[in-house]
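Report on the structure given below.
Start at 1 with the first residue, then count along the sequence.
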Amino acid sequence: MLSIRYKRRTLAAVAIAALVLPGATWARAQERLADNSAQFPTSHDLKALTTSGSYLAARHASVERDAASAAAFYRSALRTDPKNNELLDRAFISSVADGDVDEAVKLADRILAVDKSNRVARLVVGVQDLKLKKYAAAQLNIKQSIRGPITDLVATLLSAWASYGAGDAKAGVADIDKLTGPEWYPIFKDLHAGMILELANKEKDAGTRFERAYKLDDSMLRVAEAYAHWLTRNKDDKAAEVIYQDFNKKLARHPLVEEGMRDTKAGKKLPPLVDSAQAGAAEALYGIGATLTRRGGEDLALVYLQLALYLQPSHPLALLSLADLYESVKKPQMAIKVYERVPASSPLKRNAQIQLATDLDAADRSDEAIKILKSVIAEDSKDLEAIMALGNIERGRKKFADCAQTYSQGVDSLPNNDDKANSVYYYYRGICEERSHQWPKAEADMKKALELQPDQPNVLNYLGYSWIDQGVNLDDGMKMIKRAVEQRPDDGYIVDSLGWAFFRIGNFDEAVKNLERAVDLKPEDPTINDHLGDAYWRVGRKLEAKFQWAHARDLKPEPDDLPKIEEKIANGLPDEAPGTAAASADKPADKKDDVKKEDDKGG
């Protein structure tokens with residue numbers, strides 16, 4: 001589904017370019033866009049574009065955060081208009097955002113030839129100097145990139161690491177200590193001063209810095225790791241183990257923390273987190289980039305994360321942060337490419353595989369996603385996160401017999417069956433059982449889910465609706481749905497359930513009232529519009545009923561529902577008893593799939 005939307009957006013970009021594209025190039029573009037695996041633009045296509053065509057296509061690609069295409073289009077426009085400084089600047093930024101830092105440096109050199117004060121260009125050139133161990137040049141360029149709280153901190157930390165690389169750790173730490181700024185500066189300052197002192201064999205001073213950073217924020221992973229690693233070499237394993245155990249209480253089962261706990265229990269002496277000036281600079285760029293991602297600064301975060309990966313291409317945390325950034329801006333295809341880069345040796349590879357599978361499913365590559373998750377589960381049959389991810393994909397793809405088995409594996413792996421958080425496993429398994437015609441099992445699981453969380457609105461809605469749809473436990477079912485609506489009065493799917501429940505028991509006036517509200521809340525849902533058409537028909541509003549059914553048809557309902565809707569448009573509802581005539585097309589889960597997808601996000 002997402003791949004289709006992606007094609008449409010890209011088509012829109014090329015549609016703009018078509019205003020100035022030669023016919024043959026336009027035809028080739030259309031052919032390539034028909035194949036989602038093909039890349040556009042190619043070098044042949046770019047040669048055929050006019051300057052304005054390249055510029056318009058690049059602007060659209062930038063809006064869509066397709067940095068690779070934007071950079072290619074801007075560079076194409078720049079070749080035909082080489083003195084256009086706006087094109088030069090945009091090509092440079094797009095190249096950085098795409099992670100093509102070497103190409104960005106070439107463009108930065110051109111920018112600095114006409115504007116020596118361009119701070120981003122200075123930063124990028126300085127990072128390349130640092131990578132190439134040109135430490136004096138790196139410091140010169142990086143110090144000219146300062147312009148605000150974030151860039152001041154980044155420049156100071158990178159310059160300090162360049163000082164260390166040049167053999168002057170003392171000067172690097174002194175530069176860090178001179179920096180003043182917001183209240184969040186000290187934790188970064190102490191962490192990086194500690195890492196520099198550690199590599200300079202000033203272990204005691206390093207420990208003082210790590211301890212101070214840890215006291216400032218013991219929930220920051222890299223601070224906890226750096227301090228714990230130092231403790232294993234300079235104090236004792238027990239002290240380091242306590243650091244990891246305390247962190248595990250705040251964020252359970254983080255792979256790096258679990259690895260640290262295993263290593264400290266085994267009495268290992270853990271090395272420093274970084275081993276070079278380049279790795280230290282990458283750590284600074286990653287740390288600030290990851291922080292910006294969480295705080296909504298995606299554009300600047302993208303630059304810092306790409307520069308971090310330029311310095312240390314296999315940095316697993318930077319890779320995961322970059323992929324997470326792409327997910328946050330709804331770019332699963334880009335996230336997929338990043339997750340594939342996580343080293344197989346990293347403890348974070350399993351996490352990357354699970355997220356990779358989720359993004360593959362979002363890109364309509366569910367078979368690949370399922371295969372990956374099954375391989376993860378094969379390595380650990382009690383991996384609840386992977387089991388839940390697999391079950392969710394199977395359920396979303398309507399493999400209901402499969403997902404019932406998968407969630408059963410999850411239920412069997414639960415460490416404590418009475419934990420209320422486990423309600424979701426029974427709820428999801430109940431959906432899969434109901435949809436695979438195992439109602440007694442489904443009913444038992446829904447009741448168990450409610451036993452664990454008595455007021456969970458989705459479970460109340462599903463079980464209550466199912467009872468009413470079957471004509472049993474009508475009073476209890478209606479009460480359940482009303483309790484669900486009380487908790488989520490603006491949830492169109494749950495309000496639809498209430499309206500449809502009234503319809504099923506023959507209270508058509510209340511059905512119309514609630515279904516009209518449901519349509520207001522979810523106007524683009526074909527099932528809800530179909531339901532409202534049925535209710536209108538029963539109260540004698542037959543012209544409006546046919547309008548609603550026609551609208552439901554145009555909203556692309558499920559293939560099984562379409563013939564039934566078309567039959568109603570042609571002939572209306574049959575004159576039968578309300579409970580049977582109304583059972584148009586919908587089992588309760590049909591329209592609740594969207595509700596449960598919202599649940600998936602929170603587990």
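- Of the N and O atoms on the side chains of Thr406 and Glu394, at least one donor lies less than 3.5 Å from an acceptor on the other residue.
- Residues Glu516 and Tyr536 bring a donor and an acceptor atom of their side chains to less than 3.5 Å of each other.
- Looking at heavy atoms from C-beta onward, Leu532 lies out of side-chain contact with His551 at the 4.5 angstrom threshold.
- Annotation for Ser321 and Ala290: closest pair OG-CB, 3.6 Å, computed over non-hydrogen atoms.
- Going from atom CG of Asp445 over to atom CD of Glu433 covers 4.5 Å, rounded to the nearest 0.5 Å.
- In this structure Asp299 satisfies the side chain to side chain donor-acceptor pair (under 3.5 Å) test together with Arg65, sequence neighbours excluded.
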side-chain hydrogen bond (donor to acceptor under 3.5 Å, both in side chains) evaluation trace for Glu567 with Asn571: CA-CA 6 Å; Glu567 170 65 20; Asn571 301 309; 2.7 Å; yes
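- With sequence neighbours left out, Pro313 forms a side chain to side chain contact (heavy atoms under 4.5 Å, CB included) with no residue at all.
- Of all the heavy atoms in Ile354 and Ala389, the pair that sits closest is CG2-CB, 4.0 Å.
- With respect to the salt-bridge test (charged N to carboxylate O, under 4.0 angstrom), the residues Glu258 and Arg350 do not qualify.
- In this structure, Pro526 and Asp561 have side chains that are not in contact, with every pair of non-hydrogen atoms separated by 4.5 Å or more.
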Audit row: Leu221, Val257, side-chain contact (heavy atoms from CB on, under 4.5 Å) steps and yes/no: CA-CA 8 Å; Leu221 174 63; Val257 174; 3.8 Å; yes
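- Relative ring orientation between Tyr462 and Tyr427 is described as perpendicular, the plane-to-plane angle rising above 60° on a 0-90° scale split at 30° and 60°.
- Within a 6.0 Å sphere centred on CG of Asn416, other residues, nucleotides and ligands contribute more than 12 heavy atoms.
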Audit row: Ile431, Met446, side-chain contact (heavy atoms from CB on, under 4.5 Å) steps and yes/no: CA-CA 8 Å; Ile431 291 174; Met446 292 292 173; 3.9 Å; yes
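- Side chain of Asn529 to main chain of Glu524: no donor-acceptor pair is present (N/O by atom type, distance under 3.5 Å, no hydrogens or angles).
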CA sep, side-chain torsions, deciding dist, call: Gln470, Trp439, side-chain contact (heavy atoms from CB on, under 4.5 Å): CA-CA 11 Å; Gln470 295 172 32; Trp439 172 245; 3.3 Å; yes
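- Ser423 contributes no side-chain N or O that, together with a main-chain N or O of Lys420, makes up a donor-acceptor pair within less than 3.5 Å.
- A donor-acceptor contact shorter than 3.5 Å links the side chain of Lys349 to the backbone of Val342.
- Here the straight-line distance linking atom CD of Glu385 with atom CG of Asp380 works out to 11.0 Å at 0.5 Å rounding.
- Between Phe503 and His531, the gap from one ring centroid to the other reaches at least 6.0 Å.
- Annotation for Lys374: atom NZ does not count as buried by contact number, only 12 or fewer foreign heavy atoms lying within 6.0 Å.
- Residues Ala67 and Met334 share a closest heavy-atom pair of N-CE, 4.3 Å.
- Of all heavy-atom pairs spanning Ala442 and Glu434, the tightest one is CB-N, 3.5 Å.
- Residues Asp530 and Lys568 are paired through a salt bridge, judged by an N-O separation under 4.0 Å between the basic side chain and the carboxylate.
- Ile494 is listed as a side-chain neighbour of Asn458, based on a closest heavy-atom distance under 4.5 Å.
- Here the side chains of Thr527 and Trp500 are not in contact, with every heavy-atom distance at 4.5 Å or above.
- A 4.5 Å side-chain heavy-atom check between Trp467 and Met478 finds every atom pair outside the cut-off.
- No donor-acceptor pair under 3.5 Å is formed between the side chain of Gln438 and the backbone N or O of Lys441.
- Residues Lys448 and Asn422 fail the side-chain proximity criterion, which asks for heavy atoms closer than 4.5 Å.
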Evaluation steps, side-chain hydrogen bond (donor to acceptor under 3.5 Å, both in side chains), between Gln453 and Tyr426: CA-CA 11 Å; Gln453 289 197 60; Tyr426 293 98; over 6 Å; no
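- To the nearest 0.5 Å, atoms CZ (Arg429) and CZ (Arg395) are separated by 13.5 Å.
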Test side-chain contact (heavy atoms from CB on, under 4.5 Å) applied to Glu558 and Lys398, step by step: CA-CA 12 Å; Glu558 293 292 323; Lys398 300 189 177 182; 2.9 Å; yes
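- Counting heavy-atom neighbours within 6.0 Å of Lys513 NZ, excluding the residue itself, gives a total of 12 or less.
- The aromatic rings of Tyr428 and Tyr407 lie tilted to each other, with the angle between the two planes from 30° to 60°.
- In this structure, the separation between CG on Leu384 and CE on Met388 is 8.0 Å, given to the nearest 0.5 Å.
- Residues Leu348 and Pro316 approach most closely at CD1-CB, 3.8 Å, considering heavy atoms.
- Residues Thr293 and Leu305 form a side-chain contact, since some pair of their non-hydrogen atoms from C-beta on lies under 4.5 Å apart.
- In summary, Arg222 and Glu225 engage in a salt bridge, as defined by a charged side-chain N under 4.0 Å from a carboxylate O.
- Side-chain contact of Arg517 with Asn514: a donor-acceptor pair under 3.5 Å is absent, judged by distance alone.
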Lys371/Glu368 under salt bridge (charged side-chain N to carboxylate O under 4.0 Å, His left out): CA gap, chis, key distance, verdict: CA-CA 5 Å; Lys371 183 178 179 180; Glu368 295 173 66; over 6 Å; no
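- Here CD of Gln409 is found 6.5 Å from OG of Ser381. Values are rounded to the nearest 0.5 Å.
- Distance alone, capped at 3.5 Å, places no donor-acceptor pair between the Asn473 side chain and the Asp476 backbone.
- Atom CD1 of Ile565 sits about 9.0 Å away from atom CG of Asp534, to the nearest 0.5 Å.
- Residues Leu309 and Arg341 meet the side-chain proximity criterion, which asks for heavy atoms closer than 4.5 Å.
- Heavy atoms only, all atoms of each residue included: Thr232 and Leu270 are closest at OG1-N, 2.9 Å.
- Dense packing is recorded around NZ of Lys546, with more than 12 heavy atoms of other residues, nucleotides or ligands lying under 6.0 Å away.
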